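This report concerns only the one structure given below.
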Number of protein chains: 2
Amino acid sequence: MGVGVCLTGFPPGLNRRVSHFFLKKIIPEPARLTIRTTAELAKHVGLSRATVSRILNGHSGIKQKNIERVMRVVDETGFSPNPYSNILRGKRSATIAVYLSSFKQHAVVQKLADVVHRLAKVGYTALIETAENADHADITRWIMRMRAEGVIFVGQHTDSGLAAQVRELAAAGVPHVFTENFSDAKANIVTLDRTQGLELAANHLLDLGHRRIGLMGISDKVPVEVARLIGLRRALEARKLDPASALVSVGDPPARVSNMIFGREMAQRFASGPRMPTAFVTVNDEIAFGAIEGFRTLGLAVPGNVSVIGFNNEDIAKFASPSITTIDAEIEATAAAAVDFLLSQLLKGVVISARSRLLPSRLVVRESTGPANR
Amino acid sequence: MGVGVCLTGFPPGLNRRVSHFFLKKIIPEPARLTIRTTAELAKHVGLSRATVSRILNGHSGIKQKNIERVMRVVDETGFSPNPYSNILRGKRSATIAVYLSSFKQHAVVQKLADVVHRLAKVGYTALIETAENADHADITRWIMRMRAEGVIFVGQHTDSGLAAQVRELAAAGVPHVFTENFSDAKANIVTLDRTQGLELAANHLLDLGHRRIGLMGISDKVPVEVARLIGLRRALEARKLDPASALVSVGDPPARVSNMIFGREMAQRFASGPRMPTAFVTVNDEIAFGAIEGFRTLGLAVPGNVSVIGFNNEDIAKFASPSITTIDAEIEATAAAAVDFLLSQLLKGVVISARSRLLPSRLVVRESTGPANR
DNA sequence: CATTTTTTGCGACACGTGTCTGTTATTTGG
DNA sequence: CCAAATAACAGACACGTGTCGCAAAAAATG
C-alpha cells in the first residue's frame, strides 16, 4: 500500500537518491529509474499489468507501439521478472545442481568450469555444491528443495553412501549424471574410458621393454580406480604376462594431502623397497611430476633409469622437463557429453537410470618414458 | 484441490512408488513418505498449518508432545520449508553472490573454495557467477534479481566498466568486497599488500647483489598490477637506485593463454633481448616455473645464472626443482577477512563504501634465488 | 463443576508472477 | 456515423510461507 502511494507520481527510491545527490555533487547519478515488479513497469508505461505480462511473454494481439514502449523501458532498466515467484508457481527453476567432489584437483575444477559454461550457454544457472564439509543427504535434500532440474556430479565421488541419494533423486524425478566412475549400478555415468587409457599406457611401456610397473595412487581398494587396474591387467594378460607379479604396489601409501608430496614420497618408498619397477603409472600429472622430482633427488634419471606416465594432460605435463607422457582427460568432451545427456532428459521429460557411456582415451607420448634399462 | 483430496488418506505419489515396487522387487523401497509443504506436514501429523509453522519457527506456548511429533517427522522426511516463498515474502535469501574472474588460475579457485566454505559455515549459499562469457551489467542485474545479500569479487577484475556495476550495487543497498585490487575509488577491497610483497622481493634480490630485474606479467598498463610496480620502485628508491633503468620489461609480451607457456616465452624474449637482467619477478608461480624451464632450455641455470621469484606459494613452488622463492598469497587470511567484512555489514545492515584493507605479505625464500653472477 | 489458563484452529494477508474470464475502450472498415 | 474487429483492463486465482487476530477447544486449577 505504502509503496503504491509512493509510486503515484514518484519513481520509488527517488528521495533517497536525491539526498544522496546533495551529499556529494561530484557524480550526477542521472536519476536512473528502477523497476522492481511488472506492476511498477505497467504503471510506468501506463498500461495494465496483464498487458505488460503479455508483452513480456511474447503473446500476440498487441499494438506494436506498446510493445516497443515496454521493451525500451525493459532495456533501459534491465528489468526482468522475479524468478522466485515463477519458481513458486511451479515453472521450471532453470537451475541445475553441480555436485563437486572437491576444489582441490584442478582438472576437476576445469571440468566444473566447462560444465558451468555449457549450462549458462543454454540458459541454466549452476547451483554448485561441494561435499567437502557436509552430509550427502543434506545436500541432496537442499538440491531438491531448491527445485534443481537435474544434478551433475563432477569429480571422483567415492562415498558409497551417495548411492542412496542418487536413487532418491531418481525417485523424485530429478535426472542426474556422473562425470567420473561411480560404484552404483543405478547411476548414469559419462566418463573417460580409463580402462582403455591404461591399456594404452601399459602397452606403451611394454613396447619399451618394461616388465615391472609401479602403481602410484592406483589401488583396488578404491572402487573408482578399479577401471584403471582392469586396463593394466588386460594389457598384461594379452601378452601372457602375470599381472600379480608385473604390477607393484606400495604397502601403506602416504595420505594424499598434496599430489606433488604424494608423488615424491611414493618415489622414495619404491626406491627403498624391494622389486623396484622400471616404469610407473600415476593417477594424475602432479603425482607424476612429484615422483619425477623425487627420483631425480634420489639420483635416478627420468627416462634414463625409470619411466613415468601421468594422467590428465595438464599444463605441467606439457612444460615440465622432462615433459610427461600422459593420458588426456578429454575434459571438454566429457563435460559436453554429460551436459547433453542431462539436457536431453530434461527436454524429453524422461528420467534415465543406469546408463553409462565411455569416451575413448588418448595417449600423449612425451619425454618421461623411454626404453627399459636393465 | 486435487492434491488435497489425494492427501486425505494417502501420502502423495504412493501409487507411483507402488508400481515401481512391482516393477522390480529387488529393492524394497520402504514407502518413504514425502512431505512437500507445511500444509502436508500439518495434515500428516493432524495439526493445523499455523501450529506447525509455529513449531517450525520455534515459538513458545506449544505442547511438548506436539513439538516432538512434528520434529520427528521433519527428521524422517528431511522436510524444510520452500525457500522461494520466503524469499518472495521479503525474507533474506541467505545467498551471497561470488563473482569469479575466471576458473583458470588455481590460486583464484582456491580462494573461491575457501570463500564458499566460509559462507556455507555461517548458513549462506554461494551463487557463483563468472565474467568469462557474459556482460557485467547482465550479471549484476541477475545478482540483484536473485536477491543476493552481498557480492564477493574473487580474482583479478580488470575491466573498468565494472565500476559502474559496483556503484549500482551500492545504490541498491547490496554490500560488496573485492579480494584483489580494483581500480575504482568507491570499491571495498580486502587484499594482500602486494606493494609490500614486492618490496620484500626486491630487497631480497638487491641484498643478493642483483641490479637489473626483469618483469614477467607485471606492467603499468594493467591498473591492478600497479601495486606491485610501486613496491618494486619503492625498494629501489630506498637504495638510491633508478627504477627506470633497474626494471626491465619486454616490449610486446605474448598473450597469457597458459601461464607456463607465457613464462617460457618470456624467458626466451629476455634472453634474446638487450640488457638481460640477472633476476626476475613474476606474477605467479606457474609463470616462474615456465620461465625457469625456459632458461634451463637456453642453458641458463637457476639460480646459478639467473634468479626467479614467483607469487602465491602454490604447490609447484614448493616441489619444483629448484624450488621457487615466492610470496605467499595468504589465501585463507584474505578469504576470511573478506567474508568477515561482508558479514559485518549484513549484520549491522550498513553498506560500506570505499574502504580498503591490506594484509601483510610474506616472502618464502627457496632455491630459485641466489647471489648475482656478474 | 466452574473458572481460569494454556493450546490449537480458522481464516486472512502479502510477496510477484502468468493466465484466465468477462467487460470496456479504442481503432478500423464501410 | 455505425458496426465490427481489435486491444486493453480489471479482477481473480494459484504457488508456499510466516504471522496476525480472534474464536474454540483442551487442559489445568480451584
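We use all heavy atoms of the structure for the numbers below, so side chains are in, but hydrogens, waters and symmetry mates are not. Throughout, protein chains are lettered first and strands after them, A, B, ... in sequence-line order, and every chain is numbered starting at 1. Fair warning: this is a prediction, and the values are worked out from it, not measured in the lab.
Residues meeting the side-chain hydrogen bond (donor to acceptor under 3.5 Å, both in side chains) test with B/Asn66, sequence neighbours left out: none. Every residue two or more places apart in sequence or in another chain was checked for a side-chain hydrogen bond (donor to acceptor under 3.5 Å, both in side chains) with B/Ser101, and none qualifies. Every side-chain contact (heavy atoms from CB on, under 4.5 Å) that B/Ala50 has, sequence neighbours left out, goes to B/Ser48, B/Arg54. For the side-chain hydrogen bond (donor to acceptor under 3.5 Å, both in side chains) test, no residue two or more places apart in sequence or in another chain qualifies with B/Asp138. Taking A/Asp75 as the reference, nothing meets the side-chain contact (heavy atoms from CB on, under 4.5 Å) condition, with sequence neighbours excluded. Legend: residues meeting side-chain hydrogen bond (donor to acceptor under 3.5 Å, both in side chains) with B/Arg69, ordered by chain and number and at least two apart, are absent. Contacts of A/His136 classified as side-chain contact (heavy atoms from CB on, under 4.5 Å), with partners at least two apart in sequence or in another chain: A/Tyr99, A/Ala131, A/Asp159, A/Leu162, A/Gln165.
Listed nucleotides D/dG18, C/dT8, C/dT17 differ in distance to B/Pro81; the shortest reach to its side chain belongs to D/dG18.
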With a 3.5 Å cut-off and sequence neighbours excluded, list the donor-acceptor pairs that the side chains of residues 84-96 of chain A form with protein atoms.
residue : atom : partner  : partner atom : Å
A/Tyr84 : OH   : B/Met146 : O            : 2.7
A/Ser85 : OG   : A/Asn82  : O            : 3.1
A/Asn86 : OD1  : A/Arg89  : NH1          : 3.1
A/Arg92 : NH2  : A/Tyr124 : OH           : 3.2
A/Ser93 : OG   : A/Thr95  : N            : 3.4
A/Ser93 : OG   : A/Arg147 : O            : 2.5
A/Thr95 : OG1  : A/Ser93  : O            : 3.1

In a table with atom names and distances, give each donor-acceptor pair under 3.5 Å that connects a side chain of residues 336-353 of chain B to protein atoms at least two apart or in another chain.
residue  : atom : partner  : partner atom : Å
B/Ser344 : OG   : B/Phe341 : O            : 2.9
B/Gln345 : OE1  : B/Ile352 : N            : 2.8
B/Ser353 : OG   : B/Lys186 : O            : 3.1

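Remark: P of D/dG18 and CZ of B/Arg89 are 7 Å apart, rounded to the nearest angstrom. Atom pair B/Glu40:CD and D/dC15:P shows a separation of 11 Å (rounding to whole Å applied). Straight-line distance from the CG atom of A/Asn82 to the C1' atom of D/dG16: 14 Å, rounded to whole Å. Atom CZ in A/Arg92 sits roughly 14 Å away from atom P in C/dG18 (whole-Å rounding). Here the P atom of nucleotide C/dG9 and the NZ atom of B/Lys43 are 13 Å apart, to the nearest Å. Note: NZ (A/Lys91) to C1' (D/dA14) measures 15 Å, nearest angstrom. In this structure, A/Ile35 places its CD1 atom 11 Å from P of C/dT17, rounding to the nearest Å. One atom, CZ of B/Arg147, and another, P of D/dT17, lie 19 Å apart when rounded to the nearest Å.
Residue B/Asn66 has a polar side-chain atom (N or O) positioned under 4.0 Å from OP1 or OP2 of C/dT8. For A/Ser85, no side-chain nitrogen or oxygen approaches OP1 or OP2 of C/dC15 to under 4.0 Å. The phosphate of D/dG16 has neither OP1 nor OP2 within less than 4.0 Å of any side-chain N or O from B/Thr37.
At a threshold of 4.0 angstrom between heavy atoms, the contacts of B/Ser53 include nucleobase atoms, whether or not backbone atoms are also involved.
When each of A/Leu88 and B/Asn86 is assigned the nucleotide of DNA chain D bearing its nearest heavy atom, the one mapping closer to the 5' terminus is A/Leu88.
Applying a 4.0 Å cut-off to non-hydrogen atoms, the residues of residues 44-51 of chain A that approach DNA chain C are A/Arg49, listed by residue number. Proximity of residues 54-65 of chain A to DNA chain D (heavy atom under 4.0 angstrom from any strand atom) is restricted to A/Arg54, A/Gly61, A/Ile62, A/Lys63.
Between the NE2 atom of B/His59 and the OG1 atom of B/Thr51 there is a distance of 11.5 Å, given to the nearest 0.5 Å. For the atom pair NE2 (A/His176) and CG (A/Asn188), the distance works out to 4.0 Å, reported to the nearest 0.5 Å. For the atom pair CG (B/Leu56) and CZ (B/Phe79), the distance works out to 6.0 Å, reported to the nearest 0.5 Å.
An angle of 30°, rounded to 10°, separates the two end axes of the helix from C/dC1-D/dG30 to C/dT27-D/dA4, each defined over five pairs.
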